[in-house]
Structures are given as C-alpha cells and as structure tokens.
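Below is one structure; the comments refer to it alone.
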Amino acid sequence: MDYNFTEIEKKWQKYWEENQTFKVDIDHSKPKYYVLDMFPYPSGAGLHVGHPLGYIASDIYSRYKRLQGFNVLHPMGYDAFGLPAEQYAIQTGQHPAVTTDENISRYRSQLNKIGFSYDWSREVKTCDPEYYKWTQWTFIQLFKHWYNNKTNRAEPLEKLVEIFEKEGNINIDASSSDVKTFSAGEWKRMSEKEQQEILLCYRLAYLAETMVNWCPALGTVLANDEVKDGVSLRGGHPVEQKEMRQWLLRVTAYAERLLDGLEKLNWSDSLKEIQRNWIGRSEGATIRFEILHSPDMEKLDEQIEVFTTRPDTIFGATYMVLAPEHQLVEKITPEDYKKAVADYIDETKKKTERERLAEAKSISGQFTGAYAKHPFSGKPLQIWISDYVLAGYGTGAIMAVPAHDSRDYDFAKYFNLPIIEVISGGDISEGSYDSIEGTVINSDFLNGLPVKEAIETVTKELEARGIGERKVNYRLRDAIFSRQRYWGEPFPVYYKENMPYVLDEKRLPLVLPEVDAYLPTEKGEPPLGHAKNWKTEEGYPLELSTMPGFAGSSAYYIRYMDPHNDTRLVSEEANRYWKNVDLYIGGTEHATGHLIYSRFWNKFLFDIGVVCKDEPFSKLINQGMIQGRSNFVYRIKNTNKFVSFNLKDKYDVTPIHVDVNIVHNDILDIEAFRKWNPEYVNAEFITGGDGKYLCGYAIEKMSKSMYNVVTPDDIIEQYGADTLRMYEMFLGPLEQAKPWDTNGIDGVFKFFIKVWKLFHDKNNRFNISDEEPTTGELKILHTAIKKVREDIERFSFNTSVSAFMICVNQLSSIKCNKRAILEKLLVLLSPFAPHITEELWEKCGKKESIANAGFPEHNPGYLKEDYVKYPITFNGKMKFTLDFPADMKPPEIEESVLDNDSVKNQIGDKKVKKVIVVPKKIVNIVI
RNA sequence: GCGGAUGUGGCGUAAUUGGUAGCCGCGCCAGACUUAGGAUCUGGUGCCUCACGGCGUGGGGGUUCGAGUCCCUCCAUCCGCACCA
C-alpha cells in the first residue's frame, strides 16, 4: 500500500518525543491556553475506543490553539490510587503499586500510539509520594483553617483563637459543627484537650462522629457520591448507615460560593443543574418548639428546632416528627413509651439503606409520648419519630403540615392525626395542597395574605419573638474523607490523648508504609494497622485511615502547572501565568463528585492565596459515552445449528453474543467463529440465499461480557491512528452518546488515501506543482478553511470532518496538486491527523514540524459568488432553481421570475397572490 | 414524582439567523476494471407510484408567504435527582 500509516506514525511519534515538540514552559511573549482531560484511573482492562474520544477532541483543540500562536499547556497523568488495584491485591497478594505501575505503562503506550500532543514532562501520578506530599499539605492547611461567614472566606485558626481569648465565641459567625457558646474566661480555663475539642468544631478538615455509608463488603465508608441506589458505585455492594468517628471536609462552608460560582462558568446547563440540585439550596426558616409533658422538661429545657420552607403554614402544623436518630428522642420520651420507641429505632437501624429506599412508600412511625407547644396557638402537638424524616437534612426534625405536604398528609391519614387547611385553593379531603398559589386561612394574624407575603410576615414575627430565624439550608453534606483502606494517601495526622494533631509540614510526604496484608486487622482496624512502627518519632500513633479517591484528583490541574516543585504546591509565577483551565473535557459521571470537590478545594486554595483564580475550570465539555454495538448469532434450540438473522423467525432460536471482531458488516466469518470457541468447531449454518451468515445487532454498553469491545490498538493496527482520530470525531456530536461501529471506518480511511493521492502520482512518486491556483481551487480551499475553523471553535468536530471530505473530493476530481492549495490544507488538517500531515509537510520540503506552522486564514474574497441559485418555491414547496446575478434587486428578480416559462407553467391559470423574494435566499410564489 | 436532554432514510448523521430536508460517510443496487480481494473506479439510492404526481423530520394542533427549526399539547427513549420538609 502506498499510504504506509504504520511507518509514518511510528516515525513522527518518535520525532515528537525526541524533539520534545510539545514541551511547554512559561513564555510571557505568548498568550497561554490550558487544555485538560480528566485524567484516567488506569484500570487493568486498558483503554477501549470509547475512552480516547474526549482526549482526541481536546488534542485537536490544543493543536489548533497552538497553530494560532497560543502557548498551550496540555498535560496528562493518572488517578492512580483506588479500590480496584487494592481489591486485586487482596485476591492475589500482588502489591497495588505493582499492578498500578503495570496498568499505567499499558495506558501510556496506548495513549502514545494515538499521537497526542501531551507535554509528558509534566505527567503526574497521584500515588507518587512527590505528588501526594501536596495532597497531604493541603489537608494540613484545611485542618489549620476555619470558615468565617462574616468575611466569607477561610481564615487561619490562630485568628480564631485570638478572638476566643478576647471575647469567647459569642460574636463568631462561622461555618462550624454544633458548639456551645463560651466566654473568653471560660476558654482560658479549658484544658488543652477541651480547647482542641472546640477547635475541631471549626476546622475545615475535622474529625466527628457521624452517620456514614458503611460498606461491609469493601470494609470502608463511602461518600454520598460513591453510593447509588443504596449500593456502592464500585462493585455494587450493599451499603448501610452506621455511626463512626471520621474525617470530614467542611464543604458546606462553601455551599453558597459553589452555587454562585456556577453562574460565571461556561458549562452545560444540564451539568450546572446537576450541581445545583446536589447543593440543594432552599430558603425558609428555622422554628423552635418548646417541649411539653415530658417528665424531665423542667430540667432539660430542651427545644425542637425544625427547618421549613413553608413557615406560612405554621398554623397548619398538627404534629411533629423527629428522625429516629435525632439526639432528643431519648431525652423527651417518657418512661411508658421508652420500649415502643426503642423497638422502632431498632427496626429502622436494621434496615440497610437499600431496604429503606425500597420501602420508601410504606409508612411507619411511633409516637414518643411527648408533646411540643405550638409557638403561636399554644396547642399541644404530638411528637412522633419516623424514618420519613431524614437525620441528615435540615435539623432532622419537622413540623408536620398534613394539609399542605403530601408526605405529612399520607402519614397523618395513616395514623389518624388531625389535618387543618391553612391555604385556600385545594381540596384537602382528596389530598394535600402543596402549591404556593393561594391565600392563608385559619391562621390568626396571617389570614387573607397570599403565600409569599405570609412567609415574610411570619418570618418577621418569629424573629421578633425570638423563636425562629430566616435560614438558608443546603442539601450538600460535608464530605466524609476517611477510607478504611490501604491504597490511598496516608493522613499526616497523629493522636495525642485521643486528639488529632497534624504533622509538621517538613515531615511530608508521610509515605504509605508496607503491610503484610491488605485486610483489616483482627481488632477491626484498617489495613494500616498492620504496618510496623506506624507512629511519629515521639511515639504518637498515626492515623490508620487513608484518603478517598477524590483527594488526589482535587488539585492535579494545579500541580501540572509546576509538577516538579518540591517547595510549593505551585509557584506563584507558574500559577499567575497558567491561571486556570480554559478547557476541561471529561465524562459527566464526575458531575457531583470530582467537580464539586475540586471546586471546593480550589476555592480554599484561593482563600489562602495559593492560587489566583476562584474557579478551576472556565469551560467544561462532557463528551458523550461511546456505546458498544454487539453482534448476535442465532442457535436453533437444542442443536449446534445456527440460522442467519433474516431467517431466524422461522425457528425457535437463542440469540448468542458473538465477538464483533470476527463479524464484518454484520456478516459472520464462519471459519473464525469455529475457532473462536471449541464448542462451535462443528457448528452448522443455515445461511441466507447468498451463502452469507447475517448477524443481528444491538446497542449495549461496551464490555467484555458482550464481546463488543474494540480497542484503539486494533483499529490503529488496521487503519492507523489518524484514521482512528478522525473516525471518532466523525461518529457524531462530541457531547452525544453514540454507538461504535467499526464498519463505517472505511470511509475515513479512503479519505486519507485520497489525501495521499493528491500529493502523489500513479506510481506513488511525490508530485506537487508550483503553479498559481485558480479561483475555483482557492474557493474550495477557503470554503474549507472557514468551515473547519468555525466548527473547531464550537467543538463541532464531526462536521469539520465532512468539510474535509468535501474539500478533498473536490480537489481530487479536478486533480489539483498545487502547493499553494495543498500546503494550507495540510496545516488545516494537522490537528485532526497529525501524522500524515507531518509526513507530507516534510515531503513538501519543510524543515520544521507542522505543529509550529500558522493556522491558515480564510479570505472572504475567494468565496464571493457572481450568481445565486434561487430555489423557486410555490406556496413554500420547492420546484426548481433559477440563477440570478448576486447583486440583482428583488423587484427585478420578481419580474424575471414571473416572466419565466417554467414559472408560468406552474402557475397555469391560477392567480398569483403574492411573490416573496428574500435576497440571496429564496423566491416564494403564493398562488 | 421533579429536573434535564434527545426523537430526521436500512445505519451514524447534516441543515449558523425560520428560507431547496437528507450534506458527509456506512450499507445497499447497477456497471467498469481486474493476478475473485472484505480491492479500486463510475453511476444510483428518503418513502409511495409504471408514470403524472403525492407524502415525508415521534403524533396532533397552531403561528407564518414559508416550520426539522418558533408556540401549545401528547407520546417515546435516555440521563440526573428523588421521602430534601
């Protein structure tokens, strides 16, 4: 074959590596542009063709920006800590570092074959101590800072301690855990341990007893975004609720900023919406209810605080509900109800998260025997516990307004509790009326007000009486940051008198120790419990948990700016130059995990002056998933006979997945099939009339079990990397999910052969001419330049591929081999197909890489048309076209059209009501 | 249930602002050439109809000279959230 892609691609990949073509440094003479891919977790299965889709798109954009004179930072690395390597280690005893290294080198070689313009000198691996030193460092900073709501930023803890010494915490408005008020004197009288206990309530990285998602099968806790439908995202193991002392990051401190920051970002609306939902801001009020009838009431002086978005319905509150886990449950329950309440709590505890979700519709609850006093009417309200109230949201307690909340309504009906209508507009005998359209009734001083005004009025009244406040509540929870696992970053934390202290920064990195088993210890400690001498030089024990997956991925984009700096996370110079990521491409699966955490992490680093930008990713594109296209053969039941797809309905058949790599255009390679599985050696086939066995197909997830996995390596071997890159883009819009079907790839491959032929004669001798191009040739080229450039700008790479095909088809048909045209075409094509264009560029006599050429400008002068082909439509339906000079005025066109014989023929004896002429567009004749 | 996205030939898709629906490919059909290759080249290919012509962008309705595009309504598929008070 004349176009020897294998040789060409090897040659240029080697050239780029040897010449460090894509190595970048700070260069103040050029504008910077930062293009980032979400770095991969190097799994044992390697890459399939779906994985590089986003990488190809970002590489095209990087190369394009580079050709336009930008200094483009385009790095790659590995998210290398994580569960699969550790699970594998448990099974095989193989150290996770070893498997991880193997997987990384496989990924690296797969990536290299695709011809990416990465600056590999900046590669990072999250499991490298030189890298996780800075993950640990950031953790220490989080530990040493608190969030001041007054200044709306993180501040050093020293400052907080100074205030405590002066005036206690009475005037502090911080994002903190529940903490009692104390005076300066009280603070000073506290022991160090007591003080540390208090400070822990303010730290942005803190240790607390909380309900966690415990996954027994994985032996670790999981964050909310790692659990879906009550099972772990990785592995699908059941998850249960459990109270444990865990590290948390005070992400909620940044809830408001995380929400507001979305406005400025150039992200898709759907992604922003997912983040908004996850943050879950709701406005309302907290209201405190006094507790009545409890035997210990006088002594306890406890109140129930609830959060509601509908304080206007307070007169409709007929009972209260606490989450079963609520702290007050025990205190308020009178003796004669203790057993019933304890039984109910036991019952709910036993249920896993999954069961709770499954039983969501069934109603259960238990009266505590205690009552609350309605703050306005003074009437007693029964206090219940029920698992329909979530401990983790709001205050874990609600005032139930059955007339205007469907869940309360169902509960009230079930337990026969009173229902009072307070908003007109519904029919409460039928169901609750949850709408905010209506007028307040049966509500004392709120009567007659529309809902919105009533909310204002009642909130002011609550504040005036000191029984409630306006409150903004978030669904977002603080992120649980410990994992009881081995393969993660060790916490730079030790314990003294059971209180956590962080290591001196000079001691970083705290290197992950060797252990002889990756399982929990006999005492039930995490795997680090097996490590010898896992303590500080002073002998204090070190933390046994490790950090979760999102720790290492939260600031990797910052580290790329200055990856080898061993004194700082990033130098000020590097950060000021590269600023933040201009274009980030990755999958939508990170919408609520990585993309929230790294925004939080970045905002914190911004507050403490490490980075200069408040948001990490200015523009973000989610590439669509590439689905698999599976093929099936149809075995006649109880035989070893297979019937072709088109005849299968005549038999009773079982569809069987067949490896897509032995099927071509849905025609089965029968010999390969016999060899594929010993079971089929003697298989018989009922073929269609032409002797071919036709397979069925289906679009499914690309996975081994469906035998529909296609690897980039196979495609590159057969067609080359340029064809792979181009075809991935040709499949359809970047953001859309689409199936991979290798069958279509021939069209793209033929395109490259045509490109090759433009530069070569019949005998494959390089042959281009220095003749002046014609206006026709210039028009073909400049149409393509304009189209491709516009398409790249809007990330519409599929349409630019067709533009290239049109251009090359046209140049081929006129046998254009002129240097002035072809050289520009090469540069235009080089971001998509870097190898073949480098090769032809070199053959054109160029000494320097095409990556350093300039992107061609289109000249509108070449695109001007003398004539416009006007579609002539009758009542909007196109019949034929007529040519008119481009500068001809509408009235003249109208006259000329009506004079045309074909037009007259169409009109016949009908009457022309109206003629519409849209210049350069269309003529419509209304008859 | 709430929120978002998407519905166009046999398939992947195209159609900047409302202006020729189906570009570019795959597949299919026919032909050419050939050391029968899953090669290359040429032509054709939305559907119905011998044709004239008609119908066509998930269904129905509307606005408009003109709707894939705008509005209303319904349906389907996918994704996210889901007792969030």
Side-chain angles (χ1 to χ4, degrees), chain A residues 1 228-229 268-278 280-282 284 306-310 313 321 356-357 359-361 363 386-390 392-401 404-408 410-411 434 473-476 588-589 591-592 622 624-625 627 629 664-667 669 697 699 727 730-733 735-751 753 787 790-791 794 796 798-807 809 869-881 913-918 920-927:
Chain A
M1 193 191 307
K228 215 192 149 203
D229 299 329
S268 72
D269 289 338
S270 70
L271 185 60
K272 286 189 195 177
E273 199 55 31
I274 291 172
Q275 291 223 333
R276 280 191 203 105
N277 290 340
W278 190 260
R281 182 184 199 272
S282 48
V306 302
F307 172 74
T308 175
T309 55
R310 294 293 302 277
T313 62
V321 188
R356 268 194 63 173
L357 284 168
E359 290 172 20
K361 294 284 171 282
I363 295 165
S386 170
D387 62 6
Y388 90 90
V389 172
L390 304 176
Y393 184 77
T395 61
I398 60 155
M399 64 174 201
V401 183
H404 305 289
D405 181 288
S406 58
R407 296 152 300 175
D408 296 344
D410 295 343
F411 192 83
D434 299 9
N473 194 55
Y474 296 94
R475 196 188 77 106
L476 184 74
T588 183
E589 67 272 20
T592 52
N622 289 124
M625 238 218 309
Q627 298 143 316
R629 186 183 188 277
H664 248 269
N665 286 329
D666 294 337
I667 306 293
D669 179 337
Y697 73 90
I699 306 304
Y727 186 57
F730 188 59
L731 283 178
E735 299 186 58
Q736 219 171 75
K738 55 234 164 211
W740 176 271
D741 182 2
T742 307
N743 291 331
I745 204 167
D746 282 346
V748 171
F749 187 64
K750 279 184 212 162
F751 163 80
I753 291 174
K787 174 79 175 144
E790 285 168 357
D791 285 349
R794 58 192 179 103
S796 174
N798 55 325
T799 52
S800 38
V801 177
S802 354
F804 279 122
M805 289 176 170
I806 293 167
C807 175
N809 286 347
K869 208 174 260 307
Y870 278 89
I872 309 301
T873 65
F874 294 83
N875 292 338
K877 293 215 181 293
M878 209 280 283
K879 292 296 174 190
F880 48 84
T881 60
K913 288 187 192 142
K914 204 174 178 185
V915 178
I916 289 140
V917 179
V918 185
K920 297 194 175 170
K921 283 263 152 80
I922 203 164
V923 177
N924 191 17
I925 298 157
V926 188
I927 48 177

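Scope of the values below: all heavy atoms of this structure, side chains included, with no hydrogens, waters or symmetry mates. Note on naming: letters A, B, ... go to the chains in the order of the sequence lines (proteins, then strands), and numbering restarts at 1 for each one.
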Exercise for the section: Pick the P atom in B:G68 and in B:U16, then give their distance to the nearest Å. Expected result: 13 Å

Problem - Base paired to B:G56 (Watson-Crick or G-U; both N/O distances under 3.5 angstrom) - result: none

Handout entry: Base orientation of B:G12, syn vs anti, 90° cut from 0
Key = anti

Exercise for the section: Tell me the partner of B:G9, counting only Watson-Crick (N1-N3 plus N6-O4 or O6-N4) or G-U wobble (N1-O2 and O6-N3) with both under 3.5 Å; none if nothing fits. Expected result: none

Exercise for the section: Taking atom P in both B:G60 and B:A67, compute the distance separating them and give it to the nearest angstrom. Expected result: 15 Å

Completion exercise
Ranking B:A85, B:G12, B:C65 by distance to the side chain of A:I916, first place goes to B:C65

Practice task
Assign A:N798 to base, sugar-phosphate, or nothing according to its heavy-atom contacts below 4.0 angstrom with the strands shown.
Solution key: sugar-phosphate

Exercise for the section: Report the distance from atom CD1 of A:I274 to atom C1' of B:G4, rounded to the nearest whole Å. Expected result: 8 Å

Problem - Residue-phosphate contact under 4.0 Å: A:K879 side-chain N/O, B:G54 OP1/OP2 - result: yes

Completion exercise
Here the distance between atom P of B:C26 and atom CZ of A:R629, to the nearest Å, is 15 Å

Fill in the blank from the handout: For B:G66, the nucleotide meeting Watson-Crick or G-U wobble distances (both under 3.5 Å) is none

Practice task
Whole angstrom is fine here: how far is it from CZ in A:R794 over to C1' in B:U17?
Solution key: 13 Å

Practice task
Determine yes or no for a side-chain-to-main-chain donor-acceptor pair under 3.5 angstrom, with A:N665 supplying the side chain and A:I667 the backbone.
Solution key: no

Exercise for the section: For B:G38, take OP1 and OP2 only and decide whether either is under 4.0 Å from a side-chain N or O of A:N665. Expected result: no

Exercise for the section: Kindly point out which of B:A15, B:C83, B:C11 is positioned nearest to the side chain of A:L390? Expected result: B:C83

Problem - Nearest-Å distance for atom pair CD/C1', residues A:E790 and B:A14 - result: 15 Å

Practice task
With C1' as the reference atom in both, quote the distance from B:C24 to B:G9 in angstrom, rounded to an integer.
Solution key: 14 Å

Exercise for the section: Quote, to the nearest angstrom, the C1' distance that separates B:G27 from B:G46. Expected result: 15 Å

Practice task
Once you apply the 3.5 Å cut-off to both distances, tell me the Watson-Crick or G-U wobble partner of B:A51, or none.
Solution key: none

Practice task
Assign A:I806 to base, sugar-phosphate, or nothing according to its heavy-atom contacts below 4.0 angstrom with the strands shown.
Solution key: sugar-phosphate

Exercise for the section: Would you classify A:S282 as touching base, sugar-phosphate or nothing, given that sugar-phosphate means primed atoms plus P, OP1 and OP2, and contacts are heavy atoms under 4.0 Å? Expected result: sugar-phosphate

Problem - Interatomic distance at P, B:G3 relative to B:C72, whole Å - result: 14 Å

Problem - B:G1: pairing nucleotide in any strand, Watson-Crick or G-U under 3.5 angstrom - result: B:C81

Practice task
Assign B:G37 to syn or anti; the rule is syn for a glycosidic angle within 90° of 0 and anti otherwise.
Solution key: syn

Completion exercise
Comparing nearest nucleotides in RNA chain B, the 5'-proximal residue of the pair A:M805, A:N924 is A:M805

Practice task
Mind checking A:V918 for me? I need base, sugar-phosphate or nothing, with any heavy atom below 4.0 Å counting as a touch.
Solution key: base

Practice task
Determine, step by step, whether A:R310 and A:V401 satisfy the side-chain contact (heavy atoms from CB on, under 4.5 Å) criterion, reporting the C-alpha distance in whole Å, the side-chain angles of both residues, the deciding distance to 0.1 Å, and the verdict.
Solution key: CA-CA 9 Å; A:R310 294 293 302 277; A:V401 183; over 6 Å; no

Exercise for the section: Compare the minimum distances between each of B:C65, B:U20, B:C26 and the side chain of A:V926, then state the nucleotide with the smallest one. Expected result: B:C65

Fill in the blank from the handout: From CD of A:E735 across to C1' of B:G4 the rounded distance in Å is 13 Å

Fill in the blank from the handout: Any strand, both distances under 3.5 Å, Watson-Crick or G-U wobble: B:C41 pairs with B:G31

Practice task
Ignoring hydrogens and angles, tell me if any N or O in the side chain of A:K738 forms a donor-acceptor pair with the backbone of A:P733 under 3.5 Å.
Solution key: yes

Exercise for the section: Please state the P separation for the pair B:A21 and B:G58 - nearest whole angstrom. Expected result: 16 Å

Practice task
Look at all strands and tell whether A:N809 reaches a base, only sugar-phosphate, or nothing, counting heavy atoms closer than 4.0 Å.
Solution key: sugar-phosphate

Exercise for the section: Consider the side chain of A:I922, meaning its heavy atoms from C-beta on, and name the nucleotide among B:C83, B:U20, B:A85 that approaches it most closely. Expected result: B:U20

Problem - Selection from B:C11, B:A14, B:U20 that lies nearest to any side-chain heavy atom of A:P733 - result: B:A14

Handout entry: Closest listed nucleotide, where the reference is the side chain of A:K750 and the choices are B:U16, B:G19, B:U40
Key = B:U40

Exercise for the section: Over 60° means perpendicular and under 30° means parallel, so classify the ring planes of A:F307 and A:Y393, tilted if in between. Expected result: perpendicular

Problem - Atom C1', compared across B:A39 and B:A32: separation rounded to whole Å - result: 14 Å

Practice task
Pick base, sugar-phosphate or nothing for A:Q736, based on heavy-atom distances below 4.0 Å to the nucleic acid.
Solution key: sugar-phosphate

Exercise for the section: May I ask you to say whether A:D791 pairs ionically with A:K787, meaning some side-chain N is under 4.0 Å from a carboxylate O? Expected result: yes

Practice task
Report which part of the nucleic acid A:K913 touches: base, sugar-phosphate, or nothing (heavy-atom distance under 4.0 Å, all strands).
Solution key: nothing

Completion exercise
Between the CG atom in A:D408 and the OG1 atom in A:T313, the distance rounded to the nearest 0.5 Å is 9.0 Å

Exercise for the section: Whole angstrom is fine here: how far is it from CE in A:M878 over to C1' in B:G56? Expected result: 15 Å

Exercise for the section: Sticking with atom C1', work out how far B:U20 lies from B:U57, rounded to a whole angstrom. Expected result: 15 Å

Fill in the blank from the handout: Contacts of A:G392 and A:D746 projected onto RNA chain B by closest heavy atom; the upstream (5') one is A:D746

Fill in the blank from the handout: To the nearest angstrom, the OH-C1' distance between A:Y697 and B:G12 comes to 10 Å

Problem - Atom of A:M878, atom of A:P871 and distance for their closest heavy-atom approach - result: CG-CB, 3.8 Å

Exercise for the section: Answer yes or no: does a side-chain N or O of A:R475 lie under 4.0 Å from OP1 or OP2 of B:A82? Expected result: yes

Problem - Nucleotide of B:C24, B:A85, B:U17 approaching A:I398 most closely (side-chain heavy atoms) - result: B:A85

Exercise for the section: Output yes when at least one side-chain N/O atom of A:K787 is less than 4.0 Å from OP1 or OP2 of B:U16, else no. Expected result: no

Practice task
Between B:G38, B:C24, B:C65, spot the one nearest the side chain of A:D669, thanks.
Solution key: B:G38

Fill in the blank from the handout: Re B:U20: Watson-Crick or G-U wobble partner, both distances kept under 3.5 Å, found to be none

Exercise for the section: Indicate the ring-plane relationship of A:F880 and A:F874, choosing parallel, tilted or perpendicular according to the 30° and 60° boundaries. Expected result: tilted

Exercise for the section: Output the single nucleotide from B:G19, B:C81, B:C83 whose closest atom is nearest the side chain of A:W278. Expected result: B:C81

Practice task
Flag the pair A:L476 / A:R281 as yes when at least one side-chain heavy-atom distance between them is below 4.5 Å, and no otherwise.
Solution key: no

Practice task
Taking A:N875 for its side chain and A:I927 for its backbone only, find out whether a donor-acceptor pair lies under 3.5 Å.
Solution key: yes

Practice task
Using whole Å, report how far NZ of A:K738 lies from C1' of B:C78.
Solution key: 15 Å

